Structure formats: structure tokens, C-alpha cells
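What you see is a predicted model; the values in this text were computed from it and never measured.
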Amino acid sequence: MKEKENNKQMLSIPEVNARFMQVLSYYNYSGYKSSQEVEGLSQAKISNVKRGRNKPGLDLISALLEKFPEVNARWLIVGEGDMLNTEYDLAKSSESEMSDKLTLEQIRNKGVSDIQERKLQVLTEKIDKFMKELEQFKSSIKN
């Protein structure tokens with residue numbers, strides 16, 4: 001019973017609606033597209049979250065996190081950390097280096113959509129950040 005109250009309290013944070021909608025926007029998902037492609041997300045539920053009528057419940061949050069596993073659940077629910085999990089990106093990057101090369105080639109051939117551009121931009125920024133951190137680390141070792 002206490003766990004249920006804690007879950008209810010955690011999800012009553014008003015900003016959770018905005019973060020939920022931010023994830024959908026980031027992936028260029030409208031209410032209609034979400035309802036068609038993500039089991040458990042209906043257009044009506046998303047509309048209620050967007051308008052602030054309802055907070056996203058565990059069913060909606062679970063569906064969203066299942067569709068987009070790189071989204072940081074802690075950020076989504078309580079607003080702590082970054083929207084995307086760095087650990088997820090690092091784990092997946094080594095597995096998918098070859099598929100990334102193929103994907104980039106397919107993107108070049110088919111044209112880059114907005115969502116693909118956003119993902120590429122985020123990944124590029126992360127790579128740049130990691131490269132700077134690596135250089136700083138190397139520099140600190142030399143000193």
C-alpha cells in the first residue's frame with residue numbers, strides 16, 4: 001500500500017507531463033503516430049497528458065520507456081539527470097558500429113528526416129564531449 005502511495009506521489013509532479021511530451025516531441029511522435037506505433041499509448045491519453053488533465057500513469061510511462069529504452073526513466077519521472085541515458089548509448093554503440101555505418105549510408109541515400117537529424121546531432125555532441133573529456137584526462141595524466 002505504501003509503495004502505491006509513493007508511486008502516486010512521484011507521478012504527481014506537474015513537470016512529468018512536460019517531460020513526457022518532450023520525449024514524444026524529441027522523437028517527432030504526434031498523438032496519432034504514438035497511438036499507431038506504441039502499444040499502450042492512445043491518442044486520448046496523450047491528449048489528456050498534454051492538456052494537463054491527467055498525469056502519465058505507470059502504464060503510459062512503461063509503454064514510452066519500452067519504445068524508447070534510451071530515455072532516462074529517472075529523468076522522465078522525477079526530472080533528475082539527462083533525458084537520454086549515456087550508459088545506454090555507450091553499450092549500444094559498440095554493438096552497432098557496423099549497423100551505424102549502414103544506417104548512415106541508408107540515410108544519405110533516402111534523405112535525412114528531422115528525427116534522424118536530431119539523433120545524429122545528439123550523438124555528435126556526445127562524441128565531441130567525450131573526446132574533450134578524453135583529452136583533458138590525457139592532459140591530467142601527463143601533468
Side-chain angles (χ1 to χ4, degrees), residues 1-140:
M1 184 71 168
K2 187 168 180 125
E3 183 180 341
K4 191 173 184 178
E5 288 174 14
N6 287 340
N7 285 340
K8 203 175 202 180
Q9 227 176 4
M10 189 174 12
L11 296 179
S12 68
I13 302 169
E15 292 82 15
V16 72
N17 291 49
R19 289 189 298 272
F20 186 89
M21 295 310 298
Q22 186 178 347
V23 171
L24 292 179
S25 175
Y26 178 83
Y27 290 103
N28 202 23
Y29 269 64
S30 63
Y32 176 76
K33 183 177 179 182
S34 301
S35 67
Q36 297 298 306
E37 294 185 21
V38 183
E39 188 174 333
L41 293 182
S42 73
Q43 200 168 355
K45 287 180 180 180
I46 293 169
S47 179
N48 287 336
V49 168
K50 184 177 184 178
R51 289 187 172 85
R53 289 185 194 141
N54 297 342
K55 308 291 184 255
L58 291 176
D59 59 333
L60 290 179
I61 288 175
S62 295
L64 189 75
L65 293 172
E66 189 171 320
K67 176 67 177 174
F68 308 113
E70 64 275 14
V71 171
N72 180 347
R74 185 159 189 80
W75 171 85
L76 180 62
I77 297 169
V78 296
E80 293 178 6
D82 295 325
M83 183 172 84
L84 301 177
N85 284 318
T86 304
E87 295 82 17
Y88 179 88
D89 292 337
L90 291 174
K92 289 295 182 186
S93 66
S94 61
E95 293 176 10
S96 62
E97 285 179 11
M98 289 304 291
S99 67
D100 286 348
K101 289 178 183 177
L102 291 173
T103 301
L104 288 174
E105 189 61 36
Q106 291 169 344
I107 289 170
R108 285 187 195 107
N109 293 338
K110 293 181 180 179
V112 181
S113 69
D114 287 343
I115 187 66
Q116 291 165 330
E117 285 180 19
R118 285 186 196 150
K119 286 181 180 180
L120 187 58
Q121 181 181 9
V122 167
L123 290 173
T124 301
E125 289 170 1
K126 286 182 180 186
I127 290 170
D128 291 343
K129 179 183 172 187
F130 288 129
M131 292 303 289
K132 287 177 186 175
E133 289 175 1
L134 180 62
E135 289 303 319
Q136 289 173 349
F137 181 71
K138 286 179 182 178
S139 175
S140 69

Exercise. Is there any ring-ring contact (aromatic ring centres under 6.0 Å, His included) pair reaching into residues 49-72, and which pairs are they, with sequence neighbours excluded?
Worked result: Tyr27-Phe68, Tyr29-Phe68
For this session: Measure the spacing between CZ of Arg19 and CG of Leu24 and express it to the nearest 0.5 Å.
Result: 13.5 Å
Exercise. Any side-chain heavy atom of Ile46 within less than 4.5 Å of one from Met21?
Worked result: yes
Exercise. Can you list every ring-ring contact (aromatic ring centres under 6.0 Å, His included) pair that touches residues 34-55, not counting sequence neighbours?
Worked result: none
Problem set entry | side-chain contact (heavy atoms from CB on, under 4.5 Å) evaluation trace for Lys55 with Val16 | CA-CA 7 Å; Lys55 308 291 184 255; Val16 72; 4.3 Å; yes
Exercise. Ignoring hydrogens and geometry, is there a side-chain-to-backbone donor-acceptor pair from Ser62 to Leu58 under 3.5 Å?
Worked result: yes
For this session: Drop me the distance from Gln36's CD to Ser42's OG, to the nearest 0.5 angstrom.
Result: 11.0 Å
Exercise. Between atom OG of Ser139 and atom CD of Gln136, what is the distance when rounded to the nearest 0.5 Å?
Worked result: 8.0 Å
Problem set entry | Partners meeting side chain to side chain contact (heavy atoms under 4.5 Å, CB included) with Lys132 (sequence neighbours left out) | none
Seminar exercise, completed: Value for CD1 (Ile61) from CD (Glu66), rounded to nearest 0.5 Å, stands at 14.0 Å
Cut-off 3.5 Å, no hydrogens considered: what does the side-chain donor-acceptor table look like for residues 73-82, sequence neighbours left out?
unit_1 : atom_1 : unit_2 : atom_2 : d
Arg74  : NE     : Glu80  : OE1    : 2.8
Arg74  : NH2    : Glu80  : OE1    : 2.9

For this session: Could you name each residue pair satisfying side-chain hydrogen bond (donor to acceptor under 3.5 Å, both in side chains) that touches residues 43-53, not counting sequence neighbours?
Result: Lys45-Asp59, Ser47-Arg51, Asn48-Arg53
Exercise. Given Met83 and Val23, is the side-chain contact (heavy atoms from CB on, under 4.5 Å) satisfied, shown in steps?
Worked result: CA-CA 8 Å; Met83 183 172 84; Val23 171; 4.1 Å; yes
Exercise. Who are the side chain to side chain contact (heavy atoms under 4.5 Å, CB included) partners of Glu133, not counting sequence neighbours?
Worked result: Lys129, Phe130
Exercise. Val38 versus Leu64: any side-chain heavy-atom pair under 4.5 Å?
Worked result: no
For this session: Please report the closest heavy-atom contact between Pro69 and Asn85, naming both atoms and the distance.
Result: O-ND2, 4.0 Å
